There are 2 protein chains.
Amino acid sequence: MHIHTIVTKELSLDSMENCVCFNLRWVSRAFSQYFVSALNHHGLLPTQTPILAALAAKQEASMADLSDWLGMDRTTLVRNLGPLKRDGLVRATGQGRGNKGSLALTPKGHSALEKFIPDWRVAQQNIVKTLGAKRWTQILQDLERAALAVNN
Amino acid sequence: MHIHTIVTKELSLDSMENCVCFNLRWVSRAFSQYFVSALNHHGLLPTQTPILAALAAKQEASMADLSDWLGMDRTTLVRNLGPLKRDGLVRATGQGRGNKGSLALTPKGHSALEKFIPDWRVAQQNIVKTLGAKRWTQILQDLERAALAVNN
DNA sequence: CACAATAGTGTGTATATGCACTATTGGCCG
DNA sequence: CGGCCAATAGTGCATATACACACTATTGTG
């Protein structure tokens, strides 16, 4: 990658090859690829497991709640739920205010998540050990802070 | 966001809500949205400007060269070039070995990039000032190192 | 009770992403 | 010289992403 071509300690962040947005997009792709290659025998993609985990933690949630919590566009969530409903991992239930429905894991969804978690933990640890837990914690917190700062 | 809900200094990286992959994907989306909202009057998306910048720096390149340099899948590049060719910013030229062609910026592409760069610099600086240049440099270098370590 | 305002959800369009597969073509070798 | 082969490029499929818009149901107000 381009960053690699810089040998000096300080990147020139004025140069487009060091565009933060582009480089974060690249990093995101790289880790997504690792995630998929390490875990694809579960048939769960990086967009799907957070949905399952969120529903397991919250018992049930509406579309709007869930998309807010996951920080993804509501309509993106609608479509990402498609394969999960199709495969019987998530079901939508009764109606509330507006057209409001509730989403919840099916038994099959719970079981898929339980089987998934141990392997996920291994993959996560493989990632964490590249920089160490302390550094990763700091990086994730800093990135979140920056992302929130910039989008408000 | 979920990370936000953790108050203690140390994140428990064993918990799926702190999945590195998921959180980096979220951060990537967040910065992409900022990028688009700050720069969309140029009509150039976050996948397109790196292509233009790369071609400006390298004069010309084949598909394979370019996808390698940008760290994106070759077939993704093929499609991302679609709108750029359609809009007359990039042109493909002669043939080499195999089906090899060369890609280069058109005058219109050069001009669009020139007009784009000053506004990009402002957006980049807005991002950089959230954590400071030193910290961002460290983070980008760490992330690249981790991404390379994990995918090999 | 009718109706406007509101909230929740779904769809059409466009781009992004990558794997598996196909197509093309220049050059080498028999 | 002609066919094979390796290198390069493009397509089909499935999913991901988000904006703009349409649709549906609830609720507040007159």
Side-chain angles (χ1 to χ4, degrees), chain A residues 21-22 24-37 40-41 43-51 60-68 70-87 89-90 92-103 151, chain B residues 21-22 24-37 39-41 43-51 60-68 70-87 89-103 151:
Chain A
C21 179
F22 171 66
L24 288 177
R25 290 174 62 88
W26 175 78
V27 166
S28 169
R29 287 198 301 274
F31 282 102
S32 295
Q33 283 161 19
Y34 174 69
F35 188 98
V36 170
S37 73
N40 68 1
H41 57 287
L44 295 171
L45 296 172
T47 42
Q48 301 175 328
T49 48
I51 294 175
E60 76 174 38
S62 73
M63 287 276 183
D65 293 343
L66 197 53
S67 74
D68 191 54
L70 294 171
M72 72 171 62
D73 189 88
R74 185 187 55 74
T75 64
T76 301
L77 176 61
V78 169
R79 291 173 226 253
N80 288 358
L81 279 169
L84 294 174
K85 284 180 180 172
R86 182 197 60 199
D87 299 342
L89 304 179
V90 172
T93 63
Q95 305 261 310
R97 181 193 178 91
N99 217 18
K100 187 171 193 168
S102 281
L103 299 164
N151 271 328
Chain B
C21 179
F22 171 65
L24 289 177
R25 291 173 61 88
W26 176 77
V27 166
S28 168
R29 287 199 301 273
F31 282 102
S32 295
Q33 282 160 22
Y34 173 69
F35 188 99
V36 170
S37 73
L39 300 169
N40 69 359
H41 56 290
L44 295 171
L45 297 173
T47 43
Q48 301 175 329
T49 50
I51 294 176
E60 76 175 36
S62 71
M63 288 275 183
D65 293 343
L66 197 54
S67 74
D68 192 52
L70 294 171
M72 71 171 64
D73 189 87
R74 187 187 52 77
T75 66
T76 300
L77 176 62
V78 170
R79 291 171 230 252
N80 289 359
L81 280 169
L84 294 174
K85 284 181 179 172
R86 180 197 61 199
D87 299 343
L89 304 179
V90 172
R91 77 190 143 73
T93 62
Q95 304 261 309
R97 183 196 175 81
N99 223 15
K100 187 172 191 169
S102 282
L103 299 164
N151 271 329

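Reminder, nothing fancy here: chain letters follow the sequence lines and each chain counts from 1. Quick caveat: nothing in here was measured; it's all calculated off a predicted structure.
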Take atom OH of Tyr34(A) and atom C1' of dC19(C), then tell me their distance rounded to the nearest Å. 20 Å
In whole angstrom, what separates Met63(B)'s CE from dA9(D)'s C1'? 7 Å
Any idea which of dG10(D), dA20(D), dT9(C) is nearest the Thr75(A) side chain? dA20(D)
Under the rule for side-chain contact (heavy atoms from CB on, under 4.5 Å), what residues qualify as partners of Leu103(B), not counting sequence neighbours? Leu55(B), Met63(B), Leu66(B), Leu81(B), Lys85(B), Val90(B), Ala92(B)
Could you work out, with side chain to side chain donor-acceptor pair (under 3.5 Å) as the rule, every residue matching Thr49(B), not counting sequence neighbours? none
Could you give the CG-to-P distance, from Asn40(B) to dA18(D), as a whole number of Å? 15 Å
Arg74(A) side chain: which of dA18(D), dC21(D), dT17(C) is closest? dC21(D)
Listed partners of Thr76(A) passing side-chain contact (heavy atoms from CB on, under 4.5 Å), at least two apart: Met72(A), Asp73(A), Asn80(A)
Whole-Å distance between dT8(D) P and Asp68(B) CG? 11 Å
Quick one: list whatever passes side chain to side chain donor-acceptor pair (under 3.5 Å) with Asp65(B), sequence neighbours left out. Ser62(B)
Check whether any side-chain heavy atom of Leu70(A) lies under 4.5 Å from a side-chain heavy atom of Thr47(A), and answer yes or no. no
Are any side-chain N or O atoms of Ser28(B) and backbone N or O atoms of Leu24(B), one a donor and one an acceptor, separated by less than 3.5 Å? no
If you check the Asp73(A) side chain, which of dG18(C), dC19(D), dT11(D) turns out closest? dC19(D)
Name the residue closer to the 5' end of DNA chain C, choosing between Ser62(A) and Gln33(A) according to the nucleotide with the nearest heavy atom. Ser62(A)
How many whole angstroms separate atom CG of Leu77(B) from atom P of dT17(C)? 10 Å
Protein-nucleotides 13-16 of chain D N/O pairs under 3.5 Å:
| unit_1 | atom_1 | unit_2 | atom_2 | d |
| --- | --- | --- | --- | --- |
| dT15(D) | OP1 | Arg86(A) | NH1 | 3.2 |
| dT15(D) | OP1 | Arg86(A) | NH2 | 3.2 |
| dA16(D) | OP1 | Thr47(A) | OG1 | 2.0 |
| dA16(D) | OP2 | Asn80(A) | OD1 | 3.3 |
| dA16(D) | O3' | Arg25(B) | NH2 | 3.3 |

In whole angstroms, the gap separating P of dG10(C) from CG of Leu81(A) amounts to 9 Å
How close or far is atom C1' of dT9(C) from atom CG of Leu103(A), stated in whole angstroms? 11 Å
Considering every strand and a 4.0 Å limit on heavy-atom distances, what is the contact class for Ser32(A): base, sugar-phosphate, or nothing? nothing
Please list, chain by chain and in numerical order, all residues satisfying side chain to side chain donor-acceptor pair (under 3.5 Å) with Ser102(B), sequence neighbours excluded. Glu60(B)
Rounded to whole Å, please give me the gap between CG in Asp65(B) and C1' in dA9(D). 13 Å
